Peer 1: 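Shown below is the structure under consideration.
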Amino acid sequence: MNLNRVEMPKQEPEDRRRNFDEVATGYTYEMAMEEASRCIQCKKRNCQQGCPVNIDIPDFIKHLQDGNIEAASRVLKAKTSLPGICGRVCPQELQCENSCTLNKKGAPVAIGRLERFIADWERSQGAVSTPEIAPSTGKCVAVVGTGPSGLTVASDLAIRGHQVTMFEALHVAGGVLMYGIPEFRLPKEIVQREVQYVASLGVDIQLDTVIGINYSLDELLNTKYHAVYLATGAGLPQFLRVPGENLNMVYSANEFLTRTNLMKAYLYPEYATPVKMGKKVAVIGGGNVAMDSARCAVRLGAQEVYVVYRRTRQEMPARLEEVENAEEEGIHFHFLCNPTGFISDGRNNVSAMELIRMKLGEPDASGRRRPVPIEGSEYTMDVDTVIVSLGTSPNPLISSTTPDLETSRWGTVVTDERGKTSKARVWAGGDIVSGGATVISAMGEGRRAASAMHEFLSQ
Amino acid sequence: MFPIVAHEELAPKVHRMSVKAPIVAEKSKPGQFVILIVDEKGERVPFTISGWDASKGTVDFVYIEVGKTTCRLGSLKPGDQLAHFVGPLGKPAEIDHYGHVLAVASGYGASAILPVLKALKEKENRITTILQAPDRERAFGCAELEEVSDRLVLAIGTPGEDMTVSATRLLRKLLANHPQNPIHRVIVMGSLCLMRVISEMTRPYAIKTMVHLTPLMVDGTGMCGACRLSVKGNNRFACVHGPEFDGHEVDGWDVLMARRCTYADESVLQQSFQCRGCSQW
Ligand SMILES: Cc1cc2nc3c(=O)[nH]c(=O)nc-3n(C[C@H](O)[C@H](O)[C@H](O)COP(=O)(O)OP(=O)(O)OC[C@H]3O[C@@H](n4cnc5c(N)ncnc54)[C@H](O)[C@@H]3O)c2cc1C
Ligand SMILES: Cc1cc2nc3c(=O)[nH]c(=O)nc-3n(C[C@H](O)[C@H](O)[C@H](O)COP(=O)(O)OP(=O)(O)OC[C@H]3O[C@@H](n4cnc5c(N)ncnc54)[C@H](O)[C@@H]3O)c2cc1C
Ligand code: SF4
Ligand code: SF4
Ligand code: FES
């Protein structure tokens, strides 16, 4: 048994610090074949149980071992419509790969990298196969939000013969995949391919349309649509609520990433949207969003970038791979400290940050040890740019215009385990329900809701 | 795509554009705004809705050429298309019967305020309007303002050392008369400077003063936080909680103005935007 996985080639840190090209360049055919050969085709299929959408992992790897990439792709497509995306951004180390039998003895099979290889191979072949579409049922479905959850529901229901219309507030479809996750981790062309694929199934995508403004949820239900799926994500940025947080050059991660990724400010002035970047940048937070912000800052020319996190490395929610990438790119980590205020340079630009050191106390509700401030440990740090990346909660636009839609204390929409909300004919899933999770869980919830919606529509 | 159906010059570097966007026209209310993108490489730029026709599906706005996008708009002709056009964004202006309303407008505000004044007029308010402009040539929109106002006063001139302009001198006179001829509400649509100065002037009189704030925006739907400002100590997003705010409740005007000019530099065409009160210059 081979216990070492085939490494995926990456751009050297010194090079990639200066460009937005994809960091990991993907397996070659030979590498993929070698890695696939490590899989021992366990009877128990531990890996499959670790995947939130239950991909038949041993089967697709078997097809790879046999050199039949097309068949491997079909196995993937049976459970995920976004393999090129999941293969890149899934937290595999916590999911499929964590459960792989080989993980007990050595490195698990690189399932995500193989998934990515298959998707990229299919893409390089040009024509992407479209599945057979069931005869029209005459039923219309509205999907609100074009992130991974909405895209999944739209394609699942379109294939089953329903007429699907998607509504998107922004000028581009794809949700966080377009506006949040940077090009160097997930090329936008790949996302747009997936969007085109969904459109090719007959799904109508209406951009520049805000539900809650252009149409209320009730208007959708009372006009054309038999059922609605809400997948508007969790796009409302949270702030620290400390003095000075509105100073110039204090960004929310959402603004910073939207300017950089969605509006392509890294190509300014070819693209018209600018993003101003200082020399000493502090990114507040420890999740994927913080890593993406820090790594974008480096690429936009910041000289020093610090990630400031109130717990320790062990508690950081960011993917390990991305933390390592960030470190290689020269980003510094400051653990166990928390900003208590921002100081102006006298002209309302941020020039320094006040912090307090923290220690870990008793575990909180989430099981993580709660950070508590150490009195008297205040200090300051010079910075000229701050990116606040503390997480997000659902945008209240729809819930505030739909009184009979039950929401939780955190503003998330309440559903049963198949995505049904408190409101008749309305389902929901993805970050609007879970409040900031993962691409694959957003997809998984979409898949479950789509089958529930299909049952309802077939009655 | 969103076709331009009409485009006219109102004054030097000031234009009115009419765009076909039925779902925007259908829902528009006074005081709301749109965000447009000229082409796929363009920036998302906000403009206040100055008029609409739901039956024709058209939305109008008036813009001043100040930078990249607005100059680009200036070169477009009827029949050309805008890549994206989304709205109506923001909360509508508060409309009710107040009594005597004093409106102050400058710049594009001269046109952008029209729907608000029309609605106020329908609620049988008496409206006095002050139009502030640097010179007569740039005092546009008088005829339309006259139609919706009981009285229109022109205030011509550029700001003095103390940031007072003709409009504020006029306002001072009206406020001195306030006990005899009460003003029940003030509404200002103009530069941040003007809105701030007027809010400070009416504060001692406790006359509710509504301002239409224009911080930088990106998405316009509450997602990015670029447009945040402090209102009575709470963070508010101008694009969803505004753009209309009670000027007496806005704190941190300095920060608001500084943030407005984050991307301002010498390339700004309209020198009058380089206001003296702002720390970014
Ligand atoms: C920077 C960043 C990095 C991340 N990295 C990872 C990662 O590495 N791996 C991972 O698995 N997950 C990652 N995530 C999380 C993941 O992207 C999300 O969990 C996932 O995208 C949620 O999908 P969704 O379909 O629920 O919503 P979203 O992707 O948020 O899409 C919602 C869409 O709905 C639209 N919308 C909102 N309101 C309205 C309305 N009223 N009308 C019309 N449209 C509306 C929005 O514009 C948006 O396009 C990351 C998130 C961020 C922000
Ligand atoms: C809610 C809202 C409503 C608006 N309504 C209108 C409207 O109806 N008509 C209109 O002409 N404009 C309006 N604006 C302002 C308009 O969005 C800007 O003029 C526009 O973004 C300029 O884009 P640009 O690419 O041409 O110039 P840029 O190159 O972006 O502008 C150059 C610089 O000029 C400065 N600047 C530009 N406009 C202003 C301004 N109005 N006040 C102070 N400084 C400014 C800024 O610092 C900017 O960075 C509104 C803004 C908001 C937020
Ligand atoms: S979808 Fe994600 S969790 Fe499932 S097999 Fe692929 S990489 Fe693993
Ligand atoms: S658990 Fe690992 S080795 Fe076993 S079948 Fe799955 S991928 Fe292959
Ligand atoms: S413009 Fe992004 S939150 Fe208001």
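Letters A, B, ... are given to chains in the order of the sequence lines, protein chains preceding strands, and every chain is numbered from 1. Computed from a predicted structure; not experimentally measured. Basis for what follows: all heavy atoms, side chains included, without hydrogens, waters or symmetry-related copies.
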Peer 1: Does any heavy atom of chain B fall under 4.5 Å from the side chain of F256(A), the backbone, both, or neither of them?
Peer 2: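 For F256(A), there is no contact with chain B at all, as no heavy atom is under 4.5 Å.
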Peer 1: Go through the atoms of P396(A) and report whether side chain, backbone, both or neither lie under 4.5 Å from a heavy atom of chain B.
Peer 2: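 Interface part for P396(A): neither.
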Peer 1: Tabulate below the donor-acceptor pairs under 3.5 Å that side-chain atoms of residues 88-96 of chain B make, not counting sequence neighbours, or state none.
Peer 2:
from   : atom 1 : to      : atom 2 : distance (Å)
E94(B) : OE1    : R185(B) : NH2    : 3.0

Peer 1: Between L170(A) and chain B, with a heavy-atom cut-off of 4.5 Å, which part of the residue counts as in contact: side chain, backbone, both or neither?
Peer 2: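 Backbone plus side chain of L170(A), per the 4.5 Å heavy-atom cut-off to chain B.
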Peer 1: Which of residues 24-36 of chain B get closer than 4.5 angstrom to chain A, counting heavy atoms alone?
Peer 2: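 Contacts with chain A: V24(B), K27(B).
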Peer 1: Under a 4.5 Å heavy-atom cut-off, does chain B meet the side chain of N395(A), its backbone, both or neither?
Peer 2: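 Side chain of N395(A) only, per the 4.5 Å heavy-atom cut-off to chain B.
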Peer 1: Taking D208(A) for its side chain and H84(B) for its backbone only, find out whether a donor-acceptor pair lies under 3.5 Å.
Peer 2: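 Not at all, since once roles are kept as given, no pair shorter than 3.5 Å links the two residues.
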Peer 1: With sequence neighbours excluded, what pairs up with E194(A) under the side chain to side chain donor-acceptor pair (under 3.5 Å) test?
Peer 2: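 In terms of side chain to side chain donor-acceptor pair (under 3.5 Å), with neighbours along the sequence ignored, E194(A) is linked to no residue.
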Peer 1: Mark yes or no for whether K68(B), through its side chain, and A272(A), through its backbone, hold a donor-acceptor pair below 3.5 Å.
Peer 2: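 Such a contact is absent between K68(B) side chain and A272(A) backbone.
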Peer 1: Please list every donor-acceptor pair under 3.5 Å in which a side-chain atom of residues 51-64 of chain B meets a protein atom from a residue at least two apart or in another chain.
Peer 2:
from   : atom 1 : to     : atom 2 : distance (Å)
D53(B) : OD1    : S55(B) : N      : 3.0
D53(B) : OD1    : S55(B) : OG     : 2.6
D53(B) : OD1    : K56(B) : N      : 3.1
D60(B) : OD1    : S18(B) : OG     : 2.7
Y63(B) : OH     : H7(B)  : NE2    : 2.7
Y63(B) : OH     : L73(B) : O      : 3.3
Y63(B) : OH     : G74(B) : N      : 3.2

Peer 1: Report which part of V250(A) has an atom under 4.5 Å of a heavy atom belonging to chain B: side chain, backbone, both, or neither.
Peer 2: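 Answer is both: backbone and side chain atoms of V250(A) are under 4.5 Å from chain B.
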Peer 1: Which one of A21(B), G87(B), A83(B) has the most heavy-atom pairs closer than 4.5 Å to chain A?
Peer 2: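 The candidate making the most pairs under 4.5 Å is G87(B).
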